[in-house]
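In what follows, a single structure is set out as structure tokens and then discussed.
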Amino acid sequence: MSTDTSLREPLPYEERIILDKWADRSCTLEQYRRLHSECTSNPEEHWARVAREIDWFKSFERVMEPGDHPNVYRWFPGGKINFSYLCLDRHVRTRNRNKVAIVWEGEPVDDRGQPLEKRVLSYYDLWRDVNRAAYLMSRKLRLKKGDAVAYYMPMVPELPALMLAAARLGVIFTQVFSGFSAEALATRVNDVGARYIFTTDGYYRRGSVIRTKDIVDKAVKDCPDVEGVVITRRLGLKDMTVDHERDMSYDVLLREVPANAYVEPEHLDSSDILYVLYTSGTTGKPKGIIHDNGGYAVILHATMKWVFDIRDEDLFWCTADIGWVTGHSYVVFGPLMVGASIVMYEGAPDYPEPDRWWSIIERYGVTIFYTSPTAVRALMRVSHDYVRRHDLSSLRLIHSVGEPINPSAWRWLFETIGGGRCPVGSTWWMTETGGILISHTPGLCLIPLKPGTNGWPLPGIEVEVVDDKGRPVKDGERGYLIIKRPWPGMLGPPTGMWREPERYSETYFSRFGYFFTGDYAIRDSDGYIWVLGRADEVLKVAGHRIGTYEIESALVSHPSVAEAAVVGIPDEVKGEVPIAYVVLRVGATAGSNMENELKEWIREKMGPISVPKNVFVVNKLPKTRSGKIMRRVIRAVATGMLIGDVTTLEDQAAVEEVKAAYEEMLKDLAKNE
Ligand code: 6R9
């Protein structure tokens, strides 16, 4: 049984760490407060100043104006812009032309553990690839501005190229994480209205082959409007099935594209859609979060400078998969926009051994490392010799993202990985925010570090921690995190949430009248924000965002399941993991295999990351008198906490049952240990 101590460590509000090496960049809280209040007192001017630092085809006329739906804003109206131009064309005209854009490493290794595949693309190479991809998309596939495509791609260099090609044409893309199931893919493809799906034959993960194309074959059966599937060969699988009516080889299509193809980047409106990315919420199907071009470009530009202190000589490595927002913003668009060199790695951090990441940092000389607490917790459990084998002295700055970082994981990153030299931060943001909103800003000036905090909101960002009624709570008290003003990079026009303007306002604005993040947070007396985790039914499992509601819906779609409740329980490595309680249909019997059958069902329906750690079959679920499942009670029982007020509880016996099922599991675990 996980002891969970690391996740309940006391938070070191009072600790303050000032780094010698960064002393000339340090500032006092007072200085930072001043800088901050200058920016927030006139945010429009502040954001205009930042926006003028990037290249527009036509300059914007205003900073921001209300859109056509409540709570939707158009940022930088009048401005014309193109991300592909920002990330490529303007660099290939300078000495960055031959600078490394992407160093990519495949997962397979030789018998000495050395990587077998490496690809290096200069900015010029990438510019060429993107033009050829855009040519193919527009001439061959007849894709045009406003059309949608779906990418179901693993971590291969073709993915950033395709994203930038779509951006060049104004084609809206949605990238679906390559670990998602066929059903999850089909739902997103249909919702966004994709004309084509781009995929690979497969990829390598932890020494195995994952056959992406097979999953697409399954998904596309439920996607009547998809006109074709375009396949990049990553593995060269000989036995890949091909439907000649529908499937096209990317490589064959490219052969027909002139080597020097050039496609003029569309002069897009600042508020035209760049992409839609689906993420989990508390109810219903996943939400399609819309991001625009201009506002998104501005938040990425600002955060690459302020948060990552990016410089010409840096090698930037964000370890996120591009399937998540972190990969969109800080593998692809942010770093390429500022002309940085990035690392992309295909596989698992512990393949063939738990020093793969450290070997990559050493091999290429990574200077800025952006990773997740869950990976850190997994890697710090193995012998430190895996770290000591490698020279990590190139590192100068480290940040984490995805969930709160507990102080001991922070200290390990700071001391063992960063050698006590590098600022280590925890950047808070969400799919919805587009870019980082709460973080230390070593690129501007550095306030003292505290292990585990997110730091201050960025200049120009105003957040508040409030109680149930929306009243600010006192410093040091827990409350809900809200964002008080619109910000560049927020959910974009026309509807914030793809085709669901009402759901957008309802989800984020109905509770407090301001943007509600869904997170619990504390502000300490130094003004530092400590985001503590979700206040709703959304889980962060190994940093991945999963709605308990989605797992429940998948469970009740199983023929034997009548009702299901899913809650998150703490896990030492993954932060939290889902566990499920199910009530079977009358007549269905719980064979000894029911737990595995339901886990397999979830794997099929949703993908491996959503599979509950345990599935318990019970006779009843604790409910309120009005019939709502009391997840709070279930979670409390399952994590051994106090139950709290259960006066509305219908049936005490159901609680006892949940308790018994959980105790049973503890006994089993104890036996196995
Ligand atoms: C970027 C990303 C968003 C949720 C967010 C919060 C949690 C992210 C965090 C953090 C504490 C951090 N979160 N970063 N919590 N400290 N540095 O993760 O987007 O997948 O949409 O998740 O992640 O709970 O609300 P997304």
Side-chain angles (χ1 to χ4, degrees), residues 7 11 175 177 179-180 275-282 286-291 296 299-300 303 307 318-334 370-377 398-407 409-410 413 424-440 449-458 463 465 478 480-483 489-491 497 507-508 515-523 528-548 550 568 574-576 609-610:
L7 300 167
L11 297 176
Q175 156 69 6
F177 173 55
F180 279 160
Y275 65 77
V276 174
L277 180 58
Y278 288 86
T279 189
S280 297
T282 48
K287 309 178 280 195
I289 306 300
I290 298 176
H291 283 298
Y296 186 62
I299 198 72
L300 295 188
T303 49
V307 175
C318 165
T319 62
D321 190 287
I322 296 177
W324 309 106
V325 75
T326 305
H328 283 59
S329 296
Y330 297 108
V331 176
V332 183
F333 292 112
Y370 190 30
T371 192
S372 69
T374 187
V376 172
R377 288 192 296 262
I398 302 173
H399 280 297
S400 79
V401 61
E403 52 177 314
I405 186 160
N406 47 298
W410 187 94
L413 262 186
V424 173
S426 168
T427 64
W428 178 91
W429 59 296
M430 312 171 64
T431 305
E432 291 84 340
T433 67
I436 296 164
L437 295 193
I438 309 179
S439 172
H440 288 300
L449 302 171
K450 301 186 187 194
T453 186
N454 302 108
W456 277 45
L458 296 189
V463 306
V465 181
R478 186 181 87 163
Y480 302 104
L481 181 70
I482 61 170
I483 306 175
M490 68 188 295
L491 306 91
M497 213 184 275
T507 306
Y508 302 106
F515 182 90
F516 176 37
T517 61
D519 281 331
Y520 281 128
I522 288 178
R523 176 165 29 210
Y528 290 57
I529 304 288
W530 302 69
V531 172
L532 305 171
R534 300 289 308 182
D536 55 13
E537 303 302 335
V538 171
L539 306 182
K540 283 302 272 279
V541 179
H544 303 139
R545 186 161 157 186
I546 302 172
T548 49
E550 288 166 66
K574 294 184 176 171
E576 61 182 338
I609 58 166
S610 304

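Remember, it's 1-based here, ligands and their atoms both numbered in the order they're listed. Any value given below was found using the heavy atoms of this structure, including those in side chains, with hydrogens, waters and symmetry copies removed.
- With hydrogens and angles ignored, the 3.5 Å screen pairs no side-chain donor or acceptor of H544 with any backbone N or O of K540.
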- Message: Show, in sequence, the C-alpha distance, side-chain angles and deciding distance for I609 and F180, and conclude whether the side-chain contact (heavy atoms from CB on, under 4.5 Å) test is met.
- Response: CA-CA 8 Å; I609 58 166; F180 279 160; 4.0 Å; yes

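- Close contacts between ligand 1 and V401 involve ligand atoms 1 (C), 14 (N) [criterion: under 4.0 Å to a heavy atom].
- By the 4.0 Å heavy-atom criterion, G402 is counted among the residues contacting ligand 1.
- By the criterion of a heavy-atom distance under 4.0 Å, neither the backbone nor the side chain of V538 is placed next to ligand 1.
- Close approach of ligand 1 to T326 is summarised as follows: ligand atoms under 4.0 Å from at least one heavy atom of the residue are 1 (C).
- Here is the list of ligand 1 atoms found below 4.0 Å of a heavy atom in T431: 19 (O), 20 (O), 21 (O), 26 (P).
- In this structure, OH on Y330 lies 10.0 Å from NE2 on H399, to the nearest 0.5 angstrom.
- Look at W324 and you'll find every heavy atom at least 4.0 Å from all atoms of ligand 1.
- Listed by atom number, the atoms of ligand 1 under 4.0 Å from N454 heavy atoms are 12 (C), 16 (N), 17 (N).
- Here CD1 of I289 is found 4.0 Å from CD of E432. Values are rounded to the nearest 0.5 Å.
- Note that OG1 of T453 is 11.5 Å distant from CZ of R523, once rounded to the nearest 0.5 Å.
- Interface atoms of ligand 1 facing V531, defined by a heavy-atom separation under 4.0 Å, are 11 (C), 15 (N).
- If you check each of R545, K540, H399 against atom 4 (C) of ligand 1, the one with the closest non-hydrogen atom is K540.
- Residue S426 has at least one N or O atom closer than 3.5 Å to an N or O atom of ligand 1.
- Considering backbone and side-chain N/O atoms, G533 never comes within less than 3.5 Å of an N/O atom of ligand 1.
- I529 contributes atom CD1, which lies 11.5 Å from atom CG of L437 (distance to the nearest 0.5 angstrom).
- Of the possible donor and acceptor atoms, none in the side chain of S426 sits under 3.5 Å from a partner among the backbone N and O of V401.
- Contacts with ligand 1 closer than 4.0 Å are made by backbone heavy atoms (N, CA, C, O) of E403 only, the side chain lying farther away.
- Residue P404 has at least one heavy-atom neighbour below 4.0 Å for each of these atoms of ligand 1: 11 (C), 15 (N), 16 (N).
- Annotation for K450: atom NZ counts as buried by contact number, over 12 foreign heavy atoms lying within 6.0 Å.
- With salt bridges taken as basic N to acidic carboxylate O contacts below 4.0 Å, one links E403 and R377.
- For ligand 1, none of its N or O atoms has an N or O atom of S400 under 3.5 Å away.
- Polar contact check, E432 against ligand 1: no nitrogen or oxygen pair lies under 3.5 Å apart.
- Rounded to the nearest 0.5 Å, atoms CZ (F333) and CD1 (I322) are 9.5 Å apart.
- Not less than 6.0 angstrom separates the ring centroid of W428 from the ring centroid of Y528.
- Under 4.0 angstrom from ligand 1, there are no non-hydrogen atoms of H544.
- Within ligand 1, counting atoms from 1 as listed, the ones closer than 4.0 Å to a heavy atom of D519 are 5 (C), 6 (C), 24 (O), 25 (O).
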